[in-house]
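Note that the structure is a prediction, hence the values are computed from the model and not measured. For ligands, and for the atoms within them, numbers begin at 1 and follow the listed sequence.
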Amino acid sequence: MRYPLTSHFDRVPLAHAPTPFEPLPRLSAFLGGPAIYVKRDDCTGLAFGGNKTRKLEFLMAEALAAGADTVITTGGVQSNHVRQTIAAAARLGLKSEVVLRRVVSWPDAAYAASGNVLLDRLLGAAVHILDANADAAATMEEIAARVRRQGAKPYVVPLGGSNAVGALGYVRSIEEITAQAEDAGLNLTHVVHAAGSGGTQAGLAAGLAALDSPARLVSIAVLPAAAELGRQVADIVPGVMARLKSTKVVAPAHLAVNGDYAGPAYGQPTPAMIEAVTETARREGLLLDPVYTGKAMAGLFALVRSGELGRGHTVVFLHSGGAPGLFAYPSLFDGSDAPWPAVLKAGGKLL
Ligand SMILES: *Cc1c(COP(=O)(O)O)cnc(C)c1O
């Protein structure tokens, strides 16, 4: 695989790449619309993988160049980003301290103990858990100050690894996607993905522009504040284009985020997410996640059903990982025949 846009940047190899690009024939037939393919960035290989591993290849290169020995980052209790950051630090012989906020209230006892947070502890991080409204940035600064006083050198990875350096990981992913689609003789029309902190979208949008690809980016927000998320993406993109030394114009539509499938809040399930996760598991043996890719796939289902995506289109769904989060929501996926379990109806506000 050649990477004309990203091969000359400092990068620590952490990901198993290129990740596979595969057809989803049974899901395509079920939906009866476009040909659907999946880009398996859930298979990046680092401690169950996911999209953050690609960003961390560039971020960790920056950390090592700065002589850092301690990595600090933040996220929710079930953050995939935090899990992959701790694993990257372990792999490179660095210490890690992480600040987790209880941003999601969810009744399964497993939420606070299993899935990603279990792996964070196993991977050896010092884990600090704060309430939802606590100031994670301030806490990370306090930790960094203490680390410096102890004579060590901290490196703070931003939420989601989403800055112009981390976003280079998604320029690299779209380099793979466009090459793999071309090798398969496909005329790719749409790239569908989940958007959370903006770095993935910024990298994909910048890469599509720099590559002159006609494919359209369909970004599905996993939290209701889609307009604010779009502004974050727009903030990151210029730094990515500057690093690429590209003067191409990023399509304004590629800075927009669709908030129609986010549900009431980040990490709160929707019936459409449960349907998408369940159908994808049973028709393709492919495990999505409840917080990100399940909502993005629910968006893809809806766009096919509304006719916006149809025959004649060729769609790649970016699987950005997150399946460890399934174990935080056991009551949603226990195989009961109800359209969705009673726990989702409990309190109404969850819908
Ligand atoms: C973080 C994450 C995303 C969103 O990526 P951003 O760059 O934060 O927008 C999507 N899917 C999964 C599984 C993630 O962990």
Atom 11 (N) of ligand 1 sits nearest the protein heavy atom S320 OG, 2.6 Å

Quiz prompt | E284 side chain to R26 backbone, donor-acceptor under 3.5 Å | solution = yes

*Do T19 and D41 get their side chains close enough for a donor-acceptor pair, meaning under 3.5 Å?*
yes

Counting from 1 in the order shown, the ligand 1 atoms closer than 4.0 Å to a non-hydrogen atom of G322 are 13 (C)

So the atoms of ligand 1 within less than 4.0 Å of a heavy atom of A195 turn out to be 9 (O)

Contact region, N51 to ligand 1, non-hydrogen atoms below 4.0 Å, reads side chain

d(D120 CG, S79 OG) to nearest 0.5 Å is 7.0 Å

Review point. For the side chain of H254 and the backbone of L217, is there at least one donor-acceptor N/O pair under 3.5 Å apart?
Key: yes

At under 4.0 Å between heavy atoms, what of S162 touches ligand 1? The answer is side chain

Exercise for the section: Using distance alone, determine whether T200 and ligand 1 share an N or O pair under 3.5 Å. Expected result: yes

Check your understanding: Does a side chain donor of either K52 or T44 reach within less than 3.5 Å of an acceptor in the other side chain?
Key -> no

shortest atom 12 (C) of ligand 1-to-protein heavy-atom contact is with Y292 CG, 3.4 Å

Restricting to heavy atoms, the pick from K295, K55, Q201, H193 nearest atom 7 (O) of ligand 1 would be K55

*May I ask you to decide whether K153 forms a salt bridge with D69, counting only side-chain N to carboxylate O separations under 4.0 Å?*
no

Task: Donor-acceptor pair between E175 and T6 side chains, under 3.5 angstrom - done: yes

Requested in this report: Starting from the C-alpha separation in whole Å, work towards a yes-or-no answer on side-chain hydrogen bond (donor to acceptor under 3.5 Å, both in side chains) for T73 and H81.
Outcome: CA-CA 9 Å; T73 198; H81 159 70; 2.8 Å; yes

Item to complete: Report yes if S197 has an N/O atom closer than 3.5 Å to an N/O atom of ligand 1; otherwise report no.
Response: yes

Do any N/O atoms on G321 end up under 3.5 angstrom from N/O atoms on ligand 1?
no

message = Looking only at distances, can you tell me whether any N or O atom of K52, backbone or side chain, sits closer than 3.5 Å to an N or O atom of ligand 1?
response = yes

Pair E275 + R305, salt bridge at N-O below 4.0 Å: yes

Ligand 1 atoms nearer than 4.0 angstrom to some heavy atom of G199 are 7 (O)

G196, any N or O under 3.5 Å of ligand 1 N or O: yes

